[in-house]
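Report on the following structure.
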Amino acid sequence: MSREHLTARRVVGWTLILAALLFACILLAGNLGAGNVSLFRLFFQPETLSPVERTILLEVRLPRVLLAAILGGALTVAGIVFQALLRNPLADPYILGVSGGASIGGVRAMLGGMGTGSSLLGQLGVPGFAFLGALGALVLIERIATIGGRFTVHTILLTGVIFNAFCAALIYFIQSIASLEQLHAIVFYLMGRVPDDYRYVSVVGLAAGAILVTVVLLAMARNYNALSLGEEGAQQVGVEVERIKHRTFVLGSLLTGMAVSVAGMIGFVGLVVPHLLRIVLGPDHRLLLPAGFLGGAAFLVAADLMARMLVYPNEIPVGVVTALVGGPFFLLLLRRKGADYVFA
Amino acid sequence: MYSPETAATLEKSDCMAGIHLVASDLSYAYAEEPVLREVSLEVESGEVVGVIGPNGSGKTTIIKVLSGVLKGYAGSVHLDGEEIRSLPRRQLARRVAVVPQETEAALPFTALEVVLMGRHPHMGGLSFETAADIGIARQALERSGAAHLASRNIQRLSSGERQRVIFARALAQQPGVLLLDEPTSFMDIRYQVELYDLVRDLVVEKGVSVLTTLHDLNLAAEYCDRIYLLRDGRVHAQGVTDEVLTYANLTEVFHTDVYVDTNDLTGKLMVIPLSGRAREELRRRESPSR
């Protein structure tokens with residue numbers, strides 16, 4: 001490859017390619033699934049669809065496919081910016097602790113039945129509580145990790161890891177006192193699953209939020225490039241490093257908190273898709289961020305399709321699919337092209 | 001936004017012109033441990049000024065304060081009369097560029113991409129480098145003798161090669177002040193000389209103001225117009241190079257013995273550290289009793 005520097009043309013080209021890939025995945029996922037219902041029939045033989053089949057297709061399957069896309073995009077973008085922030089290849093969206101807060105919130109709601117009641121809090125549901133937990137964690141972690149006005153990478157990382165361990169212990173405790181039925185629900189919630197009971201209003205709202213945050217992060221893309229030369233290296237070319245670190249932590253955590261609230265902890269997407277794209281596209285964040293959103297979206301749509309179909313009519317947790325399929329694929333690519341891929 | 005027209009004019013003039021740097025009564029402490037104590041120094045356009053001193057005497061801290069990395073200092077730093085505290089970092093980076101001792105490289109950017117990062121303070125938010133930016137970056141690589149490295153992965157370069165790329169990045173910022181923090185520590189003598197020759201050329205051509213810290217006193221003697229000798233965060237001696245690099249000053253500040261003489265070829269001073277055995281030998285010769 002004789003890549004010397006990034007051009008706008010390359011960004012547009014890859015964005016179009018990955019958008020097409022995402023569209024293809026959505027189409028495929030819309031056509032496969034329970035019964036003989038498909039987008040194909042909806043478009044070409046609409047009169048043959050029964051009302052029940054229409055409901056299955058339009059109100060269960062399609063929202064789920066779109067949600068998978070949004071979650072995959074959000075998690076991948078969060079992974080990319082956390083890796084850039086921490087300059088650490090092992091960083092994933094869950095590393096900075098916000099996911100711990102979200103799962104505590106979600107699990108607490110399930111335990112107390114708060115996600116189902118008709119009170120004001122009950123209206124929030126499990127995702128609402130989880131998101132509150134995420135926001136609480138975000139504020140708490142930022143407070144704890146800011147020492148003497150400075151927000152250093154090591155303290156952010158350590159605070160996040162320890163906060164996660166603390167939350168995990170709390171969840172074990174909750175599980176130990178939960179009923180068998182609750183335990184089952186909690187375990188499945190935490191394993192990660194793309195829900196299929198979302199209305200379009202929520203789907204559109206989540207999409208708008210995720211895209212907005214991604215665009216704001218994209219506006220900082222050149223700063224992330226400069227950060228690869230170290231914090232001082234970035235300051236020397238005019239990057240307001242402290243401001244960038246805070247914004248990145250907050251925005252990445254919002255994306256993560258949103259994803260965990262909706263779908264639990266879907267692993268692997270936010271760790272591996274960023275590396276995969278870096279191997280193929282190079283390290284420039286002006287390309288990596290839009291490509292990450294689209295590529296991560298396509299990846300999770302495909303993984304969720306497999307989760308639904310592989311042992312049909314049962315389902316595998318999508319996090320299991322992302323790791324089982326994505327892991328070997330990533331290692332294969334790393335072995336073939338990894339000689340030029342160093343991150344550290 | 002950065003329009004192609006302004007870029008073209010920038011390229012023509014190369015935009016570098018010396019900036020008068022004045023630091024007055026600088027003090028700085030890391031967690032109550034004072035590192036700089038009321039240091040005052042000045043660099044004028046067209047000068048190469050050296051800062052020398054033992055390890056821990058405050059050399060690197062001076063560079064960090066002057067480049068705006070460390071902000072909690074007492075005293076003042078003025079660039080052509082403007083206090084750097086009042087300058088947004090982007091504006092500061094258009095006037096002051098830094099070549100540190102070492103730079104990490106977490107991601108496999110190409111050398112050209114790293115040099116283009118030097119254009120960051122001149123560019124708008126999301127925008128891409130214009131043809132002019134790329135021209136400036138290539139020119140900078142060329143000047144640093146690193147044009148052939150343009151498409152190489154920065155992580156795969158030797159430390160000397162990487163340092164030349166970082167130097168090119170500093171040139172691409174088109175600064176008025178160039179701060180060098182022991183930039184040649186990891187270079188062999190050929191690259192040391194090449195780098196400082198380049199610095200000299202820049203100073204002569206563009207009138208850039210250069211402040212450099214050095215450990216190598218012979219390089220200091222060869223290239224610096226004036227020198228500040230630091231000791232425990234204070235300026236112990238300052239002035240024209242030949243007046244500062246004296247036997248008395250050096251032995252007192254570095255607590256070791258040296259041989260100072262004039263290089264017959266260049267007329268500049270040369271400083272040779274003496275080993276413990278050499279010192280003993282001298283002592284024996286000086287006291288011929290026994």
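We name chains A, B, ... by the order of the sequence lines, and we start the count at 1 in each one. Note: hydrogens, waters and symmetry copies are ignored here, and every other heavy atom, side chains too, is used.
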A/Val11 portion near chain B, given a 4.5 angstrom heavy-atom threshold: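 The side chain, not the backbone.
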Can you tell which part of A/Leu227 gets under 4.5 Å to a heavy atom of chain B, answering side chain, backbone, both or neither?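 Neither the backbone nor the side chain of A/Leu227 comes within 4.5 Å of chain B.
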Before accepting this row, confirm whether a basic side-chain N of the pair A/Arg222/B/Glu129 lies closer than 4.0 Å to the acidic partner's carboxylate O.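 Salt bridge: no.
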Show which side-chain atoms of residues 105-117 of chain B pair as donor or acceptor with protein atoms under 3.5 Å away, not counting sequence neighbours.
{"from": "B/Thr110", "atom 1": "OG1", "to": "A/Glu4", "atom 2": "O", "distance (Å)": "2.6"}
{"from": "B/Thr110", "atom 1": "OG1", "to": "B/Glu113", "atom 2": "N", "distance (Å)": "3.1"}
{"from": "B/Thr110", "atom 1": "OG1", "to": "B/Glu113", "atom 2": "OE1", "distance (Å)": "3.3"}
{"from": "B/Glu113", "atom 1": "OE1", "to": "A/Arg3", "atom 2": "NH1", "distance (Å)": "3.0"}
{"from": "B/Glu113", "atom 1": "OE1", "to": "B/Thr110", "atom 2": "N", "distance (Å)": "2.9"}
{"from": "B/Glu113", "atom 1": "OE2", "to": "A/Arg3", "atom 2": "NH1", "distance (Å)": "3.0"}

So what's closer than 4.5 Å to chain A heavy atoms on [X]: side chain, backbone, both or neither?
{"X": "B/Ala97", "value": "neither"}
{"X": "B/Arg152", "value": "neither"}
{"X": "B/Ile154", "value": "neither"}

Would you please name every residue forming a salt bridge (Lys or Arg N to Asp or Glu O under 4.0 Å) with A/Glu242, sequence neighbours left out?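 Salt bridge (Lys or Arg N to Asp or Glu O under 4.0 Å) check on A/Glu242 returns A/Arg150, A/Lys245.
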Pairs of heavy atoms under 4.5 Å with chain B: top-ranked of A/Leu229, A/Asn223, A/Asp284, A/Thr7: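 When all of A/Leu229, A/Asn223, A/Asp284, A/Thr7 are compared, A/Leu229 has the most.
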Looking only at heavy atoms and a cut-off of under 4.5 Å, which of A/Gly230, A/Ala226, A/Ser228 has the most pairs with chain B?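 Looking at each option in turn, the highest pair count goes to A/Ser228.
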If you tally heavy-atom pairs under 4.5 Å against chain A, which of B/Gly68, B/Pro100, B/Ser67 wins?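 It is B/Pro100.
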When you measure from the side chain of A/Gln236 to the backbone N and O of B/Ala170, does any donor-acceptor pair fall under 3.5 Å?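 No, the answer is negative, given that no donor and acceptor are paired below the 3.5 Å cut-off.
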